[in-house]
Colleague: 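Mind looking over this structure? Questions follow.
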Amino acid sequence: MGSGLNARKNACDMGTYIFNAKEHKAMRWCVANNIRISPRAFTLSSWYIEIDLNGRITRSPDVYKKVDIWKQIFKYYKYYYEKYNK
């Protein structure tokens, strides 16, 4: 009988994405300025993106598959960084 720590029922795989230094800077700036961007499950294999701009929450119109979700999240970070960091 195992502890169950290694196996998760219905675990989802969101893939991996290695962000670059510019993307990391944009992410840090957004978080520090109360702009939070996060994935939310649509199904076990697809996600939409939720954007919280100082308490105003919006959801992406599109649904993304694994790895693509991370690419799009970092595109949003970059967009908001460039739009508001003046």
Side-chain angles (χ1 to χ4, degrees):
M1 187 171 194
S3 66
L5 294 176
N6 292 330
R8 291 186 350 189
K9 188 175 182 178
N10 295 329
C12 62
D13 177 14
M14 297 179 73
T16 57
Y17 178 74
I18 300 172
F19 49 82
N20 63 39
K22 287 182 180 179
E23 291 170 326
H24 189 237
K25 181 178 180 178
M27 179 187 70
R28 287 190 336 247
W29 184 91
C30 286
V31 171
N33 287 278
N34 214 20
I35 299 171
R36 292 178 173 70
I37 303 169
S38 55
R40 297 289 186 226
F42 183 73
T43 66
L44 286 177
S45 62
S46 60
W47 300 266
Y48 60 89
I49 297 172
E50 189 174 273
I51 302 169
D52 180 345
L53 294 172
N54 297 309
R56 193 183 79 204
I57 298 172
T58 58
R59 181 187 292 185
S60 65
D62 299 318
V63 175
Y64 302 93
K65 299 294 182 185
K66 77 180 202 177
V67 180
D68 292 334
I69 185 73
W70 298 116
K71 291 177 185 177
Q72 188 61 41
I73 284 173
F74 279 97
K75 282 182 185 178
Y76 279 125
Y77 279 132
K78 183 178 180 236
Y79 168 79
Y80 287 108
Y81 175 75
E82 290 175 351
K83 181 175 181 177
Y84 295 114
N85 183 33
K86 296 182 184 194

Colleague: Among F42, W47, Y17, find the one that has a side-chain contact (heavy atoms from CB on, under 4.5 Å) with I69.
Modeller: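 Exactly one candidate clears the test, W47.
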Colleague: Drop me the distance from I37's CD1 to Q72's CD, to the nearest 0.5 angstrom.
Modeller: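 Going from the CD1 atom of I37 to the CD atom of Q72 covers 9.5 Å.
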Colleague: Can you say whether the rings of Y81 and W29 are parallel (under 30°), tilted (30 to 60°) or perpendicular (over 60°)?
Modeller: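 It falls in the perpendicular class, over 60°.
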Colleague: Establish whether I51 and Y48 are linked, either directly or via other cluster members, by ILVMFWY side-chain heavy-atom contacts under 4.5 Å.
Modeller: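 No: no chain of side-chain contacts under 4.5 Å links I51 to Y48.
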Colleague: Which pair of heavy atoms, one from V67 and one from G15, lies closest together, and at what distance?
Modeller: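 Smallest heavy-atom distance, with atoms named: CG2-CA, 3.9 Å.
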Colleague: Between K71 and D68, is any pair of side-chain heavy atoms under 4.5 Å apart?
Modeller: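 Touching, per the 4.5 Å side-chain cut-off.
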Colleague: So, do F74 and Y77 have ring centers that fall under 6.0 Å from each other?
Modeller: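 Aromatic pair counts; centres sit under 6.0 Å.
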Colleague: Compare all side-chain heavy atoms of M14 with those of P39 and state whether any distance is below 4.5 angstrom.
Modeller: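 Yes, close enough: below the 4.5 Å cut-off.
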Colleague: Of all heavy-atom pairs between K65 and S45, which one has the smallest distance, and what is that distance?
Modeller: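 In terms of heavy atoms, the two residues are closest at CD-O, 3.4 Å.
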Colleague: Which heavy atom of S46 sits nearest to which heavy atom of T43, and what is that distance?
Modeller: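 Residues S46 and T43, closest heavy atoms: OG-OG1, 2.7 Å.
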Colleague: Just by modelled atom types, is the I35 backbone N or O under 3.5 Å from a matching donor or acceptor in the N33 side chain?
Modeller: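 No, the answer is negative, given that no donor and acceptor are paired below the 3.5 Å cut-off.
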Colleague: Could you pull out the closest heavy-atom pair between I18 and E23, with the gap in Å?
Modeller: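 Looking at all heavy atoms of both residues, the closest pair is O-OE1, 4.5 Å.
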Colleague: With the 4.5 Å side-chain cut-off for hydrophobic clustering, are W70 and Y79 part of the same group?
Modeller: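 Looking at the clustering, Y79 is in the same group as W70.
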Colleague: Specify the closest pair of heavy atoms between S38 and I73, including all atoms of both residues, with the distance to one decimal.
Modeller: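 Reported closest heavy-atom pair: C-CD1, 4.3 Å.
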Colleague: Ignoring hydrogens, what is the shortest heavy-atom contact between I57 and E50? Give both atom names and the distance.
Modeller: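 The answer is CG2-CG, 3.4 Å.
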